Amino acid sequence: MDRLIASTMTYRAASLETALKRLKEEGFKKAELCTVVDWIPHFRLINATDETIEEAAKMIEGIGIEIPAINVSGIGNVDDNNNFIGTAVLAMNNAFKLAVRLGAKVVTLACGEIKPEHNREERLKAITAFNTLIADMAEKYSVTYSIEAPHKLSIAEKTEEIAEYWAKQDKRIKCTFDVAHLTFAGIDPVQIAKVYVNRVAHVHLRDAV
């Protein structure tokens, strides 16, 4: 049970400080810090500074809860023209800085979206290049870069899409395995887990309807 932690997503409408205090009151010693632009604003990665990172770290340390992992979403990766989103690169750099300061070992990012008008092959090529850049960054910080793939309504939702996605990714990149996204896609989580077990660095367990 020591490896089972809670996510601050549980209290997404509360401030990060309040979310962590509530989780601690419920008996959790560890939490995944989840931040999703405009939906779970627990830490502003895009406009973070060394000062705001230090302020957040001191607040978290004061509460006395450990942060082994950070979950980032809502920042994107490539735009509609398949160019890297500069603010996404900046946000990931700040995520790794925060991870180092907090002692977190894993930073997770969603695998990327695809729209009907996108060319899948070109889109996947651009996302793969972005992921390699972020893997280089993660290596510099000695933090594991993990991608949430499969992910609902994404470029890697169905079984064949998931396989195609991971076949192209740098071997340094790990997988954050989310059973809810698989359930949403109508896929047996055990079946997929057996395929990617050697790549999984982190797991999200939650209800899904």
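As the structure is a prediction and not an experimental result, all values here were calculated from the model.
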**Student:** For Arg199 and Ile173, indicate whether the former's side chain and the latter's backbone hold a donor-acceptor pair under 3.5 Å.
**Tutor:**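 Yes; at least one donor-acceptor contact below 3.5 Å.
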
**Student:** CG/Asn82 to CG/Asn119 distance, rounded to the nearest 0.5 angstrom?
**Tutor:**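 Nearest 0.5 Å value for the CG-CG distance: 8.0 Å.
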
**Student:** Can you name the residues that form a side-chain contact (heavy atoms from CB on, under 4.5 Å) with Glu32, not counting sequence neighbours?
**Tutor:**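 Partners of Glu32 by the side-chain contact (heavy atoms from CB on, under 4.5 Å) criterion, ordered by chain and then number, come out as Ile5, Ser7, Ala69, Asn71, His202, His204.
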
**Student:** In terms of the angle between their ring planes, are Tyr145 and Phe96 parallel, tilted or perpendicular, with boundaries placed at 30° and 60°?
**Tutor:**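 Perpendicular, since the angle between the ring planes exceeds 60°.
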
**Student:** Under 4.5 Å between any side-chain heavy atoms of Leu20 and Ile60, yes or no?
**Tutor:**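 Yes, at least one pair of side-chain atoms sits under 4.5 Å.
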
**Student:** I'd like to know if the side chain of Tyr165 reaches the main chain of Cys111, judged simply by a donor and an acceptor atom lying under 3.5 Å from each other, with no hydrogens or angles considered.
**Tutor:**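 Such a contact is found between Tyr165 side chain and Cys111 backbone.
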
**Student:** Can you run down the salt bridge (Lys or Arg N to Asp or Glu O under 4.0 Å) pairs that involve residues 82-97, sequence neighbours left out, and say none if there aren't any?
**Tutor:**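 Matches after skipping sequence neighbours: Asp50-Lys97.
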
**Student:** Mind jotting down which residue pairs meet the salt bridge (Lys or Arg N to Asp or Glu O under 4.0 Å) criterion with at least one end in residues 139-155? Sequence neighbours excluded, please.
**Tutor:**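 Applying salt bridge (Lys or Arg N to Asp or Glu O under 4.0 Å) to every pair that reaches into residues 139-155, excluding sequence neighbours, yields Glu139-Arg172.
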
**Student:** Among all residues two or more places apart in sequence or in another chain, which pass the side-chain contact (heavy atoms from CB on, under 4.5 Å) test with Lys125?
**Tutor:**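 Result, side-chain contact (heavy atoms from CB on, under 4.5 Å) vs Lys125: none returned.
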
**Student:** Please name all residues satisfying salt bridge (charged side-chain N to carboxylate O under 4.0 Å, His left out) with Glu61, sequence neighbours left out, ordered by chain then number.
**Tutor:**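 Applying salt bridge (charged side-chain N to carboxylate O under 4.0 Å, His left out) to Glu61 gives Arg101.
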
**Student:** Does Val200 reach the side chain of Lys174, with side-chain heavy atoms less than 4.5 Å apart?
**Tutor:**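 The answer is no; the side chains never approach within 4.5 Å.
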
**Student:** Could you state the interatomic distance from CG (Asn83) to CG (Asn77), rounded to the nearest 0.5 Å?
**Tutor:**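 Between Asn83 CG and Asn77 CG, I get 12.0 Å after rounding to 0.5 Å.
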
**Student:** Can you run down the ring-ring contact (aromatic ring centres under 6.0 Å, His included) pairs that involve residues 105-136, sequence neighbours left out, and say none if there aren't any?
**Tutor:**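 For residues 105-136, and leaving out neighbouring residues, the ring-ring contact (aromatic ring centres under 6.0 Å, His included) pairs sorted by first residue read Phe84-Phe130.
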
**Student:** Could you work out, with side-chain contact (heavy atoms from CB on, under 4.5 Å) as the rule, every residue matching Lys168, not counting sequence neighbours?
**Tutor:**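 Here the qualifying residues are Leu124, Thr128, Glu164.
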
**Student:** By the side chain to side chain donor-acceptor pair (under 3.5 Å) test, which pairs, at least two apart or in different chains, include something from residues 184-194?
**Tutor:**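 Non-adjacent pairs meeting side chain to side chain donor-acceptor pair (under 3.5 Å): zero.
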
**Student:** Test of understanding: with salt bridge (charged side-chain N to carboxylate O under 4.0 Å, His left out), list the residues that count as partners of Lys21, not counting sequence neighbours.
**Tutor:**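 Partners of Lys21 by the salt bridge (charged side-chain N to carboxylate O under 4.0 Å, His left out) criterion, ordered by chain and then number, come out as Glu17.
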
**Student:** What's the separation between atom CG in Leu102 and atom CD1 in Ile53, rounded to the nearest 0.5 Å?
**Tutor:**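 One gets 9.0 Å once the value is rounded to the nearest 0.5 Å.
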
**Student:** Hey, is CD on Glu121 packed in by over 12 heavy atoms from elsewhere, all under 6.0 Å?
**Tutor:**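 No, because the 6.0 Å sphere around CD of Glu121 holds 12 heavy atoms or fewer from other groups.
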
**Student:** In the structure I gave you, are the side-chain heavy atoms of Leu205 and Asp178 within less than 4.5 Å of one another anywhere?
**Tutor:**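 No - every pair of side-chain heavy atoms lies 4.5 Å or more apart.
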
**Student:** The criterion is side chain to side chain donor-acceptor pair (under 3.5 Å); which residues satisfy it with Asn94, sequence neighbours excluded?
**Tutor:**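 For Asn94, no residue satisfies side chain to side chain donor-acceptor pair (under 3.5 Å) once neighbours in sequence are set aside.
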
**Student:** Could you tell me the separation between the OG1 atom of Thr35 and the CD1 atom of Ile70, rounded to the nearest 0.5 Å?
**Tutor:**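 Result: 9.5 Å between the selected atoms.
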
**Student:** Members other than Val36 in its cluster, when Ile, Leu, Val, Met, Phe, Trp, Tyr link by side-chain heavy atoms under 4.5 Å?
**Tutor:**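 ILVMFWY cluster around Val36 also holds Met9, Trp39, Ile40.
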
**Student:** Is any side-chain heavy atom of Tyr196 closer than 4.5 Å to one of Trp166?
**Tutor:**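 Side chain of Trp166 against side chain of Tyr196, heavy atoms only: contact under 4.5 Å found.
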
**Student:** Tell me, which pairs form a salt bridge (Lys or Arg N to Asp or Glu O under 4.0 Å) where one or both residues lie in residues 78-90, sequence neighbours left out?
**Tutor:**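 Only Asp80-Lys115 qualify under salt bridge (Lys or Arg N to Asp or Glu O under 4.0 Å).
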
**Student:** Distance from His151 atom NE2 to Leu109 atom CG, nearest 0.5 Å?
**Tutor:**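 It comes to 9.0 Å.
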
